[in-house]
*Asks:* 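What follows is a single structure, and I will ask about it in a moment.
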Amino acid sequence: MSTAAKGLEGVIAADTELSFIDGEKGVLEYVGIAIDELARHSSFEETVFLLWNKRLPKKNELDEFRTLIRKNSEISDATVAQINALPKTAQPMHALRTMVSYLALEDSEPNSVKPDEVQRKALSILCKAPAIVTTFDRRRRGLERVSPDPDLSIAANFLYMLNGKKPTETMERAFDVCLILHADHGLNASTFTGRVIISTLSDIYSTITGAIGALRGPLHGGANEGVMTMLNEIPSVDDVEKYVLDKLKRKDKIMGFGHRVYKAYDPRATYLKTLAKQLASDTGNSDLYEKSHRVEEIMDREVGSKGIYPNVDFYSATTYHCIGLQLDLFTPMFALSRISGWTGHALEQLETNRLIRPGAEYNGPHGVSYTPIEKR
Ligand code: ACO
């Protein structure tokens, strides 16, 4: 019998002061502040500062931080040329991962792990990621790229560069809230990946590139795209019950439900549910919200007693659709936000670094003699 903790469940592998999760009570805090408070009162820029400095900024600090963000938001002509060289058929998550890795090649000293250098490089990655994703997306749609507008927030700029027109205040705020809600979440799979990479004293470009790769998986951040695919497959609210029951019977997972840590309602999902409902009504997508809500009702009836509730990805799907994002931009949008959390954790790991190198229980044979190739 293996003594390994499958999926490392319950294993405490790091100390952190960034996010606190109480999975039984459905609580999430960033540096002690309830996620709901941040979603109501903060901005993504302020949340990034919080995660990188473990305190809220003073007004002048936030102004300075916003100025730095503006200065870092444009990508070089060489980066644009690299994006233009990518196949138009590539998936945006693969494009983003490749281009974050590429940014290291434009840095004359990519390897420094001094905290201020890591923060400076990470800020550059965080600020450039929206331009990378939108440049890639507009090119595949045959549209000219749109440069960032220095007067706009990260949220507004993303939508501006994507659509070529400034978003409404409601859309900007909705997108900003999504960025806040996705910024950090304990030692999730991609953050753990990032901490492992930086623990080797590798660089922040490799850290974020690796973390993007982990986030893409359908059991992690890729689930938001799976949710939308599912909602598209269900013709109407009346078809939801049969669809869900058939899947459960086949032991298929319903995307956007369940969580390793939460056995209560994910507080991010609570917030996103309200947001999705409002945006769906504002944008004529109420049928999508109704389908989502019906999926939740059936899941609650069937598996709610096992502690399987909607996670952050479930109502994100309806929210992003209403904001106007194409399906395969859902997970890149998650990545744009989570770069902030990955960086916070990388900085924290470096504070008291020791190489992360767990053990494995060997269950194979011993003393096997080497068989020459012609005798196998
Ligand atoms: N639909 C149906 N059943 C589920 C679901 C689901 N979404 N999630 C868990 N279960 C069931 C499993 O079938 C299993 O049942 P069993 O005990 O009868 O065999 C039990 O709950 C435990 O499931 P595990 O997969 O072992 O739980 P684990 O903690 O490893 O997985 C995970 C968590 C990966 C999130 C899982 O719930 C899942 O696959 N969900 C769907 C994908 C998803 O939404 N991922 C996003 C998570 S949030 C994030 O990463 C940003």
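First listed ligand is number 1; within each ligand, the first listed atom is number 1.
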*Asks:* Establish, from distance only, whether the side-chain atoms of S19 and E29 form a donor-acceptor pair under 3.5 Å.
*Replies:* no
*Asks:* Where is the nearest protein heavy atom to atom 40 (N) of ligand 1: which residue, which atom, and how far?
*Replies:* F257 O, 2.9 Å
*Asks:* Compare K306, E9, H220 and give the one whose heavy atom is closest to atom 15 (O) of ligand 1.
*Replies:* K306
*Asks:* Check whether more than 12 heavy atoms from other residues, nucleotides or ligands sit under 6.0 Å from atom CZ of R357, and answer yes or no.
*Replies:* no
*Asks:* Is a donor from one side chain sitting under 3.5 angstrom from an acceptor on the other, for T98 and S101?
*Replies:* no
*Asks:* For atom 4 (C) of ligand 1, which of V261, I308, L248, V227 has the closest heavy atom?
*Replies:* I308
*Asks:* Any idea which part of N188 is under 4.0 Å from ligand 1, heavy-atom wise: side chain, backbone, both or neither?
*Replies:* neither
*Asks:* Can K128 and E74 be counted as an ion pair, charged N to O under 4.0 angstrom?
*Replies:* no
*Asks:* So, using side-chain hydrogen bond (donor to acceptor under 3.5 Å, both in side chains) as the criterion, who are the partners of Q326 when residues are at least two apart?
*Replies:* D137
*Asks:* Under 3.5 Å between any N/O of K263 and any N/O of ligand 1: does that happen in this structure?
*Replies:* no
*Asks:* If you define the side chain from C-beta out and look only at heavy atoms, does anything of N163 sit under 4.5 Å from Y160?
*Replies:* no
*Asks:* Protein heavy-atom contact under 4.0 Å for atom 28 (P) of ligand 1?
*Replies:* yes
*Asks:* Please say whether M299 places an N or O atom under 3.5 Å from an N or O atom belonging to ligand 1.
*Replies:* no
*Asks:* I'd like to check which ligand 1 atoms, numbered from 1 as shown, lie under 4.0 Å from a non-hydrogen atom of A223.
*Replies:* 43 (C), 44 (O), 45 (N), 46 (C)
*Asks:* Which one holds for F314 and ligand 1: side chain close, backbone close, both close, or neither close, with close meaning a heavy atom under 4.0 Å?
*Replies:* neither
*Asks:* Applying a 4.0 Å heavy-atom criterion (strictly less than), which segment of H259 is in contact with ligand 1: side chain, backbone, both, or neither?
*Replies:* both
*Asks:* Of the side chain and backbone of L219, name the one, both, or neither that has a heavy atom under 4.0 Å from an atom of ligand 1.
*Replies:* both
*Asks:* Return the closest protein heavy atom for atom 19 (O) of ligand 1 as residue, atom name and distance.
*Replies:* K251 NZ, 4.9 Å
*Asks:* Show, in sequence, the C-alpha distance, side-chain angles and deciding distance for S147 and M161, and conclude whether the side chain to side chain contact (heavy atoms under 4.5 Å, CB included) test is met.
*Replies:* CA-CA 6 Å; S147 287; M161 289 188 281; over 6 Å; no
*Asks:* What I want to know is whether K253 and ligand 1 share at least one N or O pair that is separated by under 3.5 angstrom.
*Replies:* yes
*Asks:* Hey, is atom 51 (C) of ligand 1 under 4.0 Å from any protein heavy atom?
*Replies:* yes
*Asks:* With a cutoff of 4.0 Å, is G256 in contact with ligand 1, counting heavy atoms of the residue only?
*Replies:* yes
*Asks:* How far is atom 33 (C) of ligand 1 from its nearest protein heavy atom, and which residue and atom name does that atom have?
*Replies:* R260 N, 3.8 Å
*Asks:* Any non-hydrogen protein atom below 4.0 Å of atom 31 (O) of ligand 1?
*Replies:* no
*Asks:* Please say which of W342, Y271, F334 ends up in a ring pair (Phe, Tyr, Trp, His ring centres under 6.0 Å) with H182.
*Replies:* F334
*Asks:* Strictly inside 4.0 angstrom of atom 43 (C) of ligand 1, do you find any protein heavy atom?
*Replies:* yes
*Asks:* Out of all atoms in ligand 1, which are within 4.0 Å of some heavy atom of V312? Include the element for each.
*Replies:* 51 (C)
*Asks:* Out of G226, P218, G258, whose heavy atom sits nearest atom 35 (C) of ligand 1?
*Replies:* G258
*Asks:* Does the distance from a Lys or Arg side-chain N to an Asp or Glu carboxylate O, for D63 and K59, drop under 4.0 Å?
*Replies:* yes
*Asks:* Tell me, please, whether F44 has R173 positioned over its six-membered ring: NZ or CZ under 6.0 Å from the ring centre and within 45 degrees of its axis?
*Replies:* no
*Asks:* Mind checking whether I254 has an N or O less than 3.5 Å away from an N or O of ligand 1?
*Replies:* yes
*Asks:* What I want to know is whether D313 and ligand 1 share at least one N or O pair that is separated by under 3.5 angstrom.
*Replies:* no
*Asks:* Is a donor from one side chain sitting under 3.5 angstrom from an acceptor on the other, for T331 and E225?
*Replies:* yes
*Asks:* So which atom in N224 and which in A317 form the shortest heavy-atom distance, rounded to 0.1 Å?
*Replies:* O-CB, 3.7 Å
*Asks:* Check V303 against ligand 1 and report side chain, backbone, both or neither, counting heavy atoms closer than 4.0 Å.
*Replies:* neither
*Asks:* Where do V295 and M230 land on the side chain to side chain contact (heavy atoms under 4.5 Å, CB included) test, with the steps shown first?
*Replies:* CA-CA 10 Å; V295 172; M230 170 178 77; 4.2 Å; yes
